[in-house]
*Asks:* 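First the structure, then my questions, so here it is.
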Amino acid sequence: MDIAALRAEQLQRAAEVVRQDDFDVLPPRFIGGADVGFEQEGAVTRAALVILEYPSLKLVEHRVARIATTMPYIPGFLSFREYPALLAAWNTLERKPDLLFVDGHGISHPRRLGVASHFGLMVDVPTIGVAKKRLCGRFAELGAEPGSRQPLIDKGEQIGWVWRSKARCNPLFVATGHRVSLDSALQWVQNCMGGYRLPEPTRWADAVASNRTAFQRWQNAL
DNA sequence: GCGACAG
DNA sequence: ATCTTGTCGC
């Protein structure tokens, strides 16, 4: 792995990211959620993809793919570590989503190519990055009220929104992944909330990926 | 040189 | 990311 080469690739691909709304279907009929985790001390990469129907936000499909891990975690290069498993899961989907929420940053990245942007470009689907922590950029302190938001600024440009989705919870970092504007990205995330800190697509992907109790209960209820 | 650093 | 129960607080 050659970090300098990967950095050059990021700069080249970042120039291809579409930062404006460019949907094939409006409003989206199916919204996806993507999450990646690791097993066996990092040797195995596990990607989960879920599809929810909009606006009911009902889970209609879920897939999990496991592959051998190819790269270590290096801040700023997360997408190269996660996309192989995401692609594997993506190829098993019966229906492709009209819009996809990816766990991680979009253009709110040092070179404007977080995993949401990188993967969105690879499969040419509108994506939104929903991250739980800041990677780069600065923002003014948020109000305590849910709904409070501030632009995330880096090198003089807005690269995302910092948004408090719920009271007494740390804010979310929402940004354009690909083919979705910054304002629309935040709007769609707001449209997919179900009373928790994370939007439903992301939350379900998390649940499926970690096989948590809520998901098991849902599956057994069939 | 010193800190920061998605998952 | 992952290892992991109960517990404090709204």
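Throughout, protein chains are lettered first and strands after them, A, B, ... in sequence-line order, and every chain is numbered starting at 1.
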*Asks:* Go through DNA chain B in 5' to 3' direction and return only the first and the last nucleotide with some atom under 4.0 Å of chain A's heavy atoms.
*Replies:*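 Contact boundaries, 5' end first: B:dA4 to B:dG7.
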*Asks:* Checking all strands, does A:R46 fall into the base, sugar-phosphate, or nothing category for heavy-atom contacts under 4.0 angstrom?
*Replies:*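 Answer is sugar-phosphate: A:R46 comes under 4.0 Å of backbone atoms only.
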*Asks:* What range of DNA chain C does chain A touch, first nucleotide to last, counting atoms under 4.0 Å from its heavy atoms?
*Replies:*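 Range of nucleotides touched by chain A: C:dA1 to C:dC10.
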*Asks:* What about the rings of A:F119 and A:H178, do their centers lie closer together than 6.0 Å?
*Replies:*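 Aromatic pair excluded; centres sit 6.0 Å or further apart.
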*Asks:* Hey, which of A:R111, A:R112, A:R134, A:R138 is the one that makes salt bridge (Lys or Arg N to Asp or Glu O under 4.0 Å) with A:D154?
*Replies:*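 Option passing the salt bridge (Lys or Arg N to Asp or Glu O under 4.0 Å) with A:D154: A:R112.
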*Asks:* Establish, from distance only, whether the side-chain atoms of A:T202 and A:D103 form a donor-acceptor pair under 3.5 Å.
*Replies:*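 The criterion, which ignores hydrogens and geometry beyond distance, is not satisfied for A:D103 and A:T202.
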*Asks:* Any salt bridge between A:R164 and A:E145, counting N to O under 4.0 Å?
*Replies:*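 Looking at A:R164 and A:E145, the cut-off is not met.
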*Asks:* Scan side-chain atoms only and decide if A:Q187 and A:S184 contain a donor-acceptor pair under the 3.5 Å cut-off.
*Replies:*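 No, no side-chain donor-acceptor pair sits under 3.5 Å.
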*Asks:* For A:R81, answer base if it contacts any base atom (sugar-phosphate contacts may also be present), sugar-phosphate if it contacts only those atoms, and nothing otherwise; contact means non-hydrogen atoms under 4.0 Å.
*Replies:*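 The answer is base, as A:R81 lies within the cut-off (heavy atoms under 4.0 Å) of a base atom.
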*Asks:* Give the stems involving DNA chain B, where a stem is 3 or more consecutive Watson-Crick or G-U wobble pairs (i with j, i+1 with j-1, and so on) under 3.5 Å.
*Replies:*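 The stems: there are none.
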*Asks:* Where does DNA chain C pair, written as one dot-bracket string 5' to 3', with Watson-Crick or G-U pairs under 3.5 Å, ( ) inside the strand, [ ] for crossing pairs and | for another strand?
*Replies:* ..........
*Asks:* Could you check, using the six-membered ring where one of them is a Trp, whether A:W188 and A:Y54 have ring centers closer than 6.0 angstrom?
*Replies:*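 Yes - the distance between ring centres of A:W188 and A:Y54 falls below the 6.0 Å cut-off.
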*Asks:* List in numerical order all residues of residues 170-183 of chain A for which some heavy atom is under 4.0 Å away from an atom belonging to DNA chain C.
*Replies:*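 Here the set is empty: none.
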*Asks:* Using a 4.0 Å heavy-atom cut-off across all strands, classify A:G76 as base, sugar-phosphate, or nothing.
*Replies:*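 Base, at least one base heavy atom under 4.0 Å.
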*Asks:* Which pairs, with at least one residue in residues 128-165 of chain A and sequence neighbours excluded, count as a ring pair (Phe, Tyr, Trp, His ring centres under 6.0 Å)?
*Replies:*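 Counting only pairs at least two positions apart or across chains, the ring pair (Phe, Tyr, Trp, His ring centres under 6.0 Å) contacts touching residues 128-165 of chain A are A:F139-A:F173.
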*Asks:* Reckon A:F80 touches a base, only the sugar-phosphate, or nothing at all at heavy-atom distances under 4.0 Å?
*Replies:*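 Counting heavy atoms under 4.0 Å across all strands, no contact is made by A:F80.
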*Asks:* Does A:E53 pair with A:K58 as a salt bridge, N-O distance under 4.0 Å?
*Replies:*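 Looking at A:K58 together with A:E53, the answer is no, because their closest N to O distance does not fall below 4.0 Å.
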*Asks:* Using a 4.0 Å heavy-atom cut-off across all strands, classify A:Y73 as base, sugar-phosphate, or nothing.
*Replies:*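 Base, at least one base heavy atom under 4.0 Å.
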